[in-house]
Amino acid sequence: MRKILVTLSAFTFMACGSHSDVREVDATAAADASKGYSSQTDTKTAIVEAKESANANANVSADAIKKHIEFLASDDLQGRKTGSEGIDEAATYIIKQFQDAGVKSYFSSYRDKFDAKGVSGYNIVGMLEGTDPKLKNEYVVIGAHYDHIGTAKAVNGDVLANGANDNASGTSAVIELAKYFAKSKSNKRSIIFALFSAEELGLLGSAHLAARLKTTEIKPYVMFNIEMIGVPMIGKDYSVYLTGFENSNMAEKFNSYSGAKVMGFLPQAKEYNLFKRSDNYAFYEVFKIPAQTVSTFDFTNFDYYHHVDDEAAVMNFDHIASVVNQLIPGVEGMTNSLNHEIIWNE
């Protein structure tokens, strides 16, 4: 794997310069560090069983994931830079997906506008009301950023940074989760589905939405963010890792709801404080709730971070669909538990 310094989007907080305790990530060193932590017993068996279980009850197809990513990461969208025509087209596409599924806008419009360093940013915010008369007043927030950087260093004349893994993959997951719950109506708590803009500019969209929701009477229970799930990890006995793993019991409860080891611990996520580097963090800061990110980007399995070759052609659509199907039971557990079973450890 080539040596890169991961200081932006995949887990962005270094872009803001606001957290001196978050240091640069040397991907080569991180990859080397991971070698001592890979599970050595029954790893392949466990992960295959989890995927087979998810696929046996598949609600989300690889074809649906492919459709979303091929559109969002197409050259026509010009890399989805915040403030561009391309990201406006992406927003229109996401809204259409929500509308067709019956996911209502949370605010008066799906577009939640904010200033993003002099350009207009738009979060896309949808909502499904819970089915329980009492629990529907509580919310689970499911999010991902849908913006990217626009252009990157030219390779063979190509300068478009399509952002398939970063983060059309996570965006496709949120869309499909929204469609699933709109159809199943299996959520007692209400769910907010948020696609954030201006993540690449310093997590601005999520910061704006968390602050705006704070001015309402909303009672968020947990925030669950999805970032870069386009390719699988190798040699792990879990499907996705959870940032801030030790800060809550989310992984334990989620896996219990799922009946499989879906979430796990990645040492580098703790070492580089990835908990503070994605769109979950603003919701923790504002609401002091369990707010964490899942990802499969582990510093060893993807060479095209902020690169023009981060295109749909290198995505593993079967893997992404499998991850989303594995997430569904855990999300249902979070939305349906009678009590707040997921707790923060501080």
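Because the structure is a prediction, the values reported are computed rather than measured.
Although no hydrogens or angles enter the test, the distance criterion places a donor-acceptor pair under 3.5 Å between the side chain of Asn325 and the main chain of Val60. A donor-acceptor contact shorter than 3.5 Å links the side chain of Thr296 to the backbone of Val231. No side-chain donor-acceptor contact under 3.5 Å links His145 to the backbone of Asp279. Looking at Asp310, its side chain never comes within 3.5 Å of a backbone N or O of Tyr305 through a donor-acceptor pair. Not a single donor-acceptor pair under 3.5 Å links the side chain of Asp147 to the backbone N or O of Thr82. Counting only distance, with no hydrogens or angles, the side chain of Glu129 and the backbone of Ser190 share no donor-acceptor pair below 3.5 Å. Not one N or O on the side chain of Arg80 forms a donor-acceptor pair closer than 3.5 Å with the backbone of Ser197. Under a 3.5 Å cut-off, the side chain of Asp166 and the backbone N or O of His306 do not form any donor-acceptor pair. In this structure a side-chain-to-backbone donor-acceptor pair under 3.5 Å is missing from Thr243 to Ala269. Between the Asn301 side chain and the Pro232 main chain, a donor and an acceptor come within less than 3.5 Å of each other.
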Run the side-chain contact (heavy atoms from CB on, under 4.5 Å) test on Ile218 and Tyr106 for me, step by step, so that the C-alpha distance in whole Å, both residues' side-chain angles and the decisive distance to 0.1 Å come before the verdict. CA-CA 11 Å; Ile218 186 174; Tyr106 180 78; 4.0 Å; yes
Can you list the steps and then say if Lys179 with Phe193 is a side-chain contact (heavy atoms from CB on, under 4.5 Å)? CA-CA 10 Å; Lys179 291 169 69 174; Phe193 299 97; over 6 Å; no
Report the C-alpha distance between Asn280 and Asn225 in whole Å, list the side-chain angles of each, state the deciding distance to 0.1 Å, and finish with yes or no for side chain to side chain donor-acceptor pair (under 3.5 Å). CA-CA 6 Å; Asn280 61 285; Asn225 191 58; 4.6 Å; no
Output, in order, the C-alpha distance, side-chain angles, deciding distance and verdict of side chain to side chain donor-acceptor pair (under 3.5 Å) for Glu227 and Ser278. CA-CA 8 Å; Glu227 176 83 61; Ser278 199; 2.9 Å; yes
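Two different hydrophobic clusters hold Leu203 and Leu213 under the rule that ILVMFWY side chains link at heavy-atom gaps under 4.5 Å. Placement of Ile229 and Phe196 in two distinct hydrophobic clusters is found when ILVMFWY residues are connected by side-chain heavy-atom separations under 4.5 Å, directly or transitively. Tyr110 and Ile175 fall within the same hydrophobic cluster, defined by Ile, Leu, Val, Met, Phe, Trp and Tyr side-chain heavy atoms under 4.5 Å apart, directly or through other members. Under the 4.5 Å side-chain heavy-atom criterion for ILVMFWY residues, a single connected hydrophobic cluster contains both Met127 and Phe287. Residues Val174 and Ile328 share a hydrophobic cluster, clusters being chains of Ile/Leu/Val/Met/Phe/Trp/Tyr side chains in contact below 4.5 Å.
Less than 6.0 angstrom separates the ring centroid of Phe297 from the ring centroid of Phe299.
Rounding to the nearest 0.5 Å gives a distance of 11.0 Å between OG1 of Thr171 and NE2 of His148. Separation of atoms OH (Tyr93) and CD1 (Ile87) is listed at 15.5 Å; rounding is to 0.5 Å. In this structure, CG in Asp309 is found 13.0 Å from CG in Asn165, a value given to the nearest 0.5 Å. Between the CG atom in Leu209 and the CE atom in Met223 there is a gap of 8.0 Å [rounded to 0.5 Å]. For the atom pair CG of Leu274 and CD of Gln292, the computed distance is 12.0 Å after rounding to the nearest 0.5 Å. Rounded to the nearest 0.5 angstrom, Gln78 CD and Glu85 CD are separated by 9.0 Å.
Glu246 approaches Asn345 most closely through the heavy-atom pair O-ND2, 2.8 Å. In this structure, Ala164 and Ile69 approach most closely via the heavy-atom pair CB-CG2, 4.0 Å. The two residues Ala198 and Ala116 come nearest to each other via the heavy atoms CB-CB, 3.9 Å. Closest approach of Phe245 to Ala251, counting heavy atoms only: CE1-CB, 3.4 Å. Pairing each heavy atom of Phe224 with each of Met250, the nearest pair is CD1-SD, 4.2 Å. Annotation for Ile320 and Ser172: closest pair CG2-OG, 4.1 Å, computed over non-hydrogen atoms.
If you check the side chains of Ser322 and Gln326, you find a donor sitting under 3.5 Å from an acceptor. Under 3.5 Å, the side chains of Asp298 and Thr300 contain a donor-acceptor pair of N or O atoms.
Because its NZ or CZ atom is not both nearer than 6.0 Å to the ring centre of Phe114 and within 45° of the ring axis, Arg212 does not count as a cation-pi partner of that residue. Because its NZ or CZ atom is both nearer than 6.0 Å to the ring centre of Tyr284 and within 45° of the ring axis, Lys288 counts as a cation-pi partner of that residue.
Ser186 has its side chain within reach of Tyr180: a pair of non-hydrogen atoms, C-beta onward, lies under 4.5 Å apart. Side-chain atoms of Phe71 and Asp76, non-hydrogen and from C-beta on, never get closer than 4.5 Å to each other. Contact of the His208 side chain with the Asp112 side chain is registered, since non-hydrogen atoms from C-beta on lie closer than 4.5 Å. Between Asn187 and Val140, the closest side-chain pair of non-hydrogen atoms is not below 4.5 Å. You'll find the side chain of Ile289 stays beyond 4.5 Å of the side chain of Val222, heavy atoms only. Between Ile95 and Tyr122, every side-chain heavy-atom pair lies at or beyond the 4.5 Å cut-off. When side chains are defined from C-beta on, Ser337 counts as touching Arg189, because their heavy atoms get closer than 4.5 Å. Side chains of Glu199 and Asn167 form no contact here, defined as non-hydrogen atoms less than 4.5 Å apart.
For Ile343, the side chain to side chain contact (heavy atoms under 4.5 Å, CB included) partners are Asn249, not counting sequence neighbours. With sequence neighbours excluded, the residues forming a side chain to side chain contact (heavy atoms under 4.5 Å, CB included) with Thr92 are Asp88, Arg111, listed by chain and number. Residues passing the side chain to side chain contact (heavy atoms under 4.5 Å, CB included) test with Lys104, sequence neighbours excluded: none.
More than 12 non-hydrogen atoms from other residues, nucleotides or ligands lie less than 6.0 angstrom from CD of Gln99. By the neighbour-count criterion of 12 heavy atoms within 6.0 Å, atom NZ of Lys81 is sparsely surrounded, having that number or fewer from other residues, nucleotides or ligands.
For the ring-ring contact (aromatic ring centres under 6.0 Å, His included) with Trp344, the qualifying choice from Phe275, Tyr221, Phe283 is Phe275, the only one to do so.
Salt bridge annotation for Lys96-Asp100: present, with a cationic side-chain nitrogen under 4.0 angstrom from a carboxylate oxygen.
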